[in-house]
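In what follows, a single structure is set out as structure tokens and then discussed.
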There are 2 protein chains.
Amino acid sequence: MTYRFTSSLPYLLNRVGVRMGELFSQRLAEHDLTLPMYRVMAVLRQEGPQRLSDLSAMVTVEISTLSRLVTAMKRKGLVSRVRPEDNGRTVRIDLTKTGEKLVDNLMPVAAHFEEVGIRSFSEDEVARLKNALKQIHENLEEIGGSD
Amino acid sequence: MTYRFTSSLPYLLNRVGVRMGELFSQRLAEHDLTLPMYRVMAVLRQEGPQRLSDLSAMVTVEISTLSRLVTAMKRKGLVSRVRPEDNGRTVRIDLTKTGEKLVDNLMPVAAHFEEVGIRSFSEDEVARLKNALKQIHENLEEIGGSD
DNA sequence: TTACAATAATTGCATTTGCAAATGTTGTCT
DNA sequence: AGACAACATTTGCAAATGCAATTATTGTAA
């Protein structure tokens, strides 16, 4: 069985990922938002306030990039950035009311695009797909970049 | 049933996609290559010479970005860029012998990482997963960015 | 308590990216 | 043939990204 690049997992993943991102980004642009900004807000909405490094792991974005992104979001009034008095080297990022309202409006839009993508699938198939993606991620976590 | 961002398809897709990319990129760096460069080479290897715009669609990379990327790859001797005499507004990108050998060495490495990711799956499950990803892409293609 | 390692976040700088505008080429309509 | 639209690629420029170095704080061991 020969290896076909266009049937490889990274290729297929990247392709749908980029496509979904493009579609949603067009909507986000109407609110002067970028996809990474939305992701940050969505994580904060779901998980509550986070340290920068934890946020970085959750949204899969380089920490230095994220630091600057948070600065921009703070300027827009979407998040707050506080240094807790009990640990002055960390920073606590939280959603503002504005950010909260915004992300609450946007999540249904994201849900819609997802709906379009999986339109032709049964609930069971969707569940299997998502579990597979989680499992793959776990399998990949096991190798630290050495193997 | 409430919407969970971290269970959403875009999130899960992005997460594994980025992770796989990071792992493979480390290997590519040893050859002074980037992930987009590898993708270009892999597509050319599989599909043969391509016009820039076709290549752009295949690798899901902005055409202007790709134009510059091809320039860099040409400088490295990985690809050639020829303007066909029968159509002077297109450009024909092709792998050089060097590029061909390189990508032939790298594809097994890519296959290995894929293997690690799907280690715990049956062949049948993998096939279903890949079909699902193709199907989702098709479903998303149907909306041109308006809906 | 002082010195030093470890952790967390930010910043400098070079590279990459993406949009829009520009360039060059082919097709079409009169 | 001439004018103009459509297509394919490239380039200008501003914004985003990633790595390495820097700054600041906390933990630890003598």
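Lettering of chains follows the sequences in order, A, B, ..., and the numbering in each one begins at 1.
- Contacts of A/D94 classified as salt bridge (Lys or Arg N to Asp or Glu O under 4.0 Å), with partners at least two apart in sequence or in another chain: none.
- Listed by first and then second residue, the salt bridge (charged side-chain N to carboxylate O under 4.0 Å, His left out) pairs involving residues 71-91 of chain B amount to none (not counting sequence neighbours).
- Mapping heavy-atom proximity under 4.0 Å, the span of DNA chain D touched by chain A runs 5' to 3' from D/dT17 to D/dG27.
- Annotation: side chain to side chain donor-acceptor pair (under 3.5 Å) contacts of A/R51 (sequence neighbours excluded): A/S53, A/D54.
- For the residue pair B/N139/B/Q135, the side-chain donor-acceptor check at 3.5 Å is satisfied.
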For each nucleotide in nucleotides 3-12 of chain C, reading 5' to 3', give B when a protein heavy atom comes within less than 4.0 Å of its base, S when such contact involves only the sugar-phosphate, and - otherwise. ---BBSSSBB

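- Counting only residues at least two apart or on different chains, no ring-ring contact (aromatic ring centres under 6.0 Å, His included) pair has a member in residues 42-88 of chain A.
- A/T65 meets the side chain to side chain donor-acceptor pair (under 3.5 Å) test with no other residue; sequence neighbours excluded.
- Contacts of A/E125 classified as salt bridge (Lys or Arg N to Asp or Glu O under 4.0 Å), with partners at least two apart in sequence or in another chain: none.
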Let's go through A/H31 and A/L106 carefully: what are the C-alpha distance in whole Å and the side-chain angles of both, what is the deciding distance for side-chain contact (heavy atoms from CB on, under 4.5 Å) to 0.1 Å, and is it a yes or a no? CA-CA 10 Å; A/H31 301 268; A/L106 288 169; 3.9 Å; yes

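- What you find for B/L133 and A/L9 is that their closest heavy atoms are CD1-CD1, 3.9 Å.
- The ring-ring contact (aromatic ring centres under 6.0 Å, His included) contacts involving residues 34-90 of chain B comprise A/F5-B/Y38, B/F24-B/Y38, where partners must be two or more places apart or lie in separate chains.
- Take B/E62 and apply the side chain to side chain donor-acceptor pair (under 3.5 Å) test, not counting sequence neighbours, and it matches B/S64.
- Within residues 29-43 of chain A, no residue is approached by DNA chain C to less than 4.0 Å at the level of any non-hydrogen atom.
- Helix-axis bend for the helix from C/dT1-D/dA30 to C/dT30-D/dA1: the local axis fitted to the five terminal pairs at one end deviates from that at the other end by 10°, rounded to 10°.
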